[in-house]
Amino acid sequence: MRFPSLLLTCSLAALVAADGDDEFKNYNITNRPFPKGFRFGVATAAYQIEGAWNVDGKGPEVWDDFFHEKPSRSSDGTNGDVATDSYHLYKDDIRCMTEVGVDYSRFSIAWSRILPDGTADKINQKGVDYYINVFKELKAKGIRSFVTMYHWDIPSALQKQGGWLNPKVVDWFEAYAELCYKLFGEYVDSWVTINEPKQICHAGYGAGVFAPGVVSPGVGEYVCARHVLLAHAKAWRLWDEKYRPVFKTQNTIVVDSDWYEPKTYSKEDAEAAEIKRQFVYGMYMNPIIKGDWPEIMTKYVGELSRQQGFNQSRLPPFSEEEKKLIKGTYDYIALNHYTTYMVKARGTKSRSPPVSWEEDAQVDVYQKSTWKTAAIDWFKIVPWGFGKLLRWIKHTYGDVEIVISENGVSDTDRSGTLRDQHRIDYIKSYMSHMLDAIHDGGVNVVSYTLWSIIDNFEWTQGFNGKLGIYFVNQSDPSLPRIAKDSSKYYANVIKTKCLLDSCVEN
Ligand SMILES: *[C@@H]1O[C@H](CO)[C@@H](O)[C@H](O)[C@H]1NC(C)=O
Ligand SMILES: *[C@@H]1O[C@H](CO)[C@@H](O)[C@H](O)[C@H]1NC(C)=O
Ligand SMILES: *[C@@H]1O[C@H](CO)[C@@H](O)[C@H](O)[C@H]1NC(C)=O
């Protein structure tokens, strides 16, 4: 089989010479400090914390419908109707942030809280006031605002018209973004247009396991991806031309990625892992940085579509004008990262595999049973994968500034714990590999955002996936936030700029 030249020109052998488990067997946490000016934050998202789903004029959105229609869609039958009630208790959350000493808070605006039916015709002033109160409280505490406009919660009114599958969503999102810039621009230190397009499109409009639960593998998920990228690009261009000169802040998109490690040292497995990375991360970053889908995707999805009897590629192409629109719409790379997978080349490839984005890559992906896991099954703890991913991003996309916009781990115990040593170990080891990538790999990571400040509603995991450094007691009606051990560890890292008791400059 022939592979496009992009694969042959990479020095992949050097980059992924060995399985990280061998390579980092005797790994020691680095005693080198964080670079000067490095910033630390925490993250949340509207649906996971706000609650007040129908309070003060908020309109419904797809996650409200998703869980109301079928409560069993979350592992404990709960939903985000109340969540951690941060709509009323946001000052408690900000007090936790102050205790930890973070530089910034990453949070999201719920589209349907400010625009109940999704369009800018009707603004819900009470929803606007809520966010202004949050901004003011953060500012009063000296915490910067890093704000996501879209964290998966398209208004129900727009989903009724097809949501991310309707080409009009590009303009709907642009209008919503413009309103955000106008209403909140003065308070926001850095914008994110859209969070994790991979989850929106493949989980939401491919497998259908996330809201809005549309099952359209291999077709809808690509239409969604195209619209998400165009919506991001238009919103970013508008801000770049009209609002950047006024507010002088930055704007970008958050793309999440796992690390994909080849199973063996063979050329075939190395190529398979690179193909998977292109299907996962390249699918979104390549258009934004280089202006088009990765070559390998165009080739693979095009070939398979023909074999499967489609008249045209299931991966809808961008016009020349659209490529220009999308290319360069970022100020820095914002990366969410949690776990790692192994990749193995397929010996014999099916001529007509099932129609889906996963199958289109034509490689086998799995996790090792020897890896430690947290409460959520896929959540394997593989710290070295983080360092490898960061070095690969630099190798693939050049010397771009990187913000870690999410990283963290769930409790091992579903009912939660205040003694979360495993989270301290996770944060310490992931950050250590990140620091090595900075110091030895020259990767330009400038800040780190821990997910999350408080235990919150973890989508289909419900409250069984607790990722906070503060426990929220769901058995107590006042939902108190209680510090876990990891909050003290993170506070100390922020204070000392060091992962261990002491650090050595070199
Ligand atoms: C880790 O530290 C131990 C004890 O100092 C040392 O023997 C070992 O070589 C170190 N491992 C690496 C990979 O540097
Ligand atoms: C392909 O095109 C033909 C003729 O335009 C049409 O009848 C057929 O339904 C199309 N098939 C698919 C899979 O789109
Ligand atoms: C949570 O609240 C319940 C009910 O008030 C209480 O019995 C329990 O001790 C609390 N748990 C913690 C860890 O504070």
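Numbering of ligands and ligand atoms starts at 1, following listing order. Only a predicted model underlies this, so the values are computations on that prediction, with no experimental measurement involved.
- Scored by the salt bridge (Lys or Arg N to Asp or Glu O under 4.0 Å) test, Asp436 finds Arg32 as partners (sequence neighbours excluded).
- For Phe34 and Phe40, the ring centers sit closer than 6.0 Å to each other.
- For the residue pair Thr417 and Asp413, no side-chain donor N or O sits within less than 3.5 Å of a side-chain acceptor on the partner.
- By the 3.5 Å distance cut-off applied to N or O atoms, Ser475 is not counted among the residues near ligand 3.
- For the salt bridge (Lys or Arg N to Asp or Glu O under 4.0 Å) test with Asp258, the passing option among Arg277, Lys198, Lys380 is Lys198; the others fail.
- A search for salt bridge (Lys or Arg N to Asp or Glu O under 4.0 Å) contacts involving Glu401 returns nothing, not counting sequence neighbours.
- Closer than 4.0 angstrom to ligand 1 sit non-hydrogen atoms from Asn26, Asn28.
- Below 4.0 Å from some heavy atom of Phe471 lie the following atoms of ligand 3, by number and element: 13 (C).
- Residue Asp476 has at least one heavy-atom neighbour below 4.0 Å for each of these atoms of ligand 3: 2 (O).
- A 4.5 Å side-chain heavy-atom check between Trp259 and Phe386 finds every atom pair outside the cut-off.
- In this structure, Cys180 has no disulfide (SG to SG under 2.5 Å) partners at least two apart in sequence or on a different chain.
- Those atoms of ligand 3 with a heavy atom of Ile482 less than 4.0 angstrom away are 14 (O).
- Side-chain atoms of Asp269 and Thr264 include a donor-acceptor pair closer than 3.5 Å.
- Proximity to Asn473 (heavy-atom distance under 4.0 Å) selects the following atoms of ligand 3: 1 (C), 2 (O), 3 (C), 8 (C), 10 (C), 11 (N), 12 (C), 14 (O).
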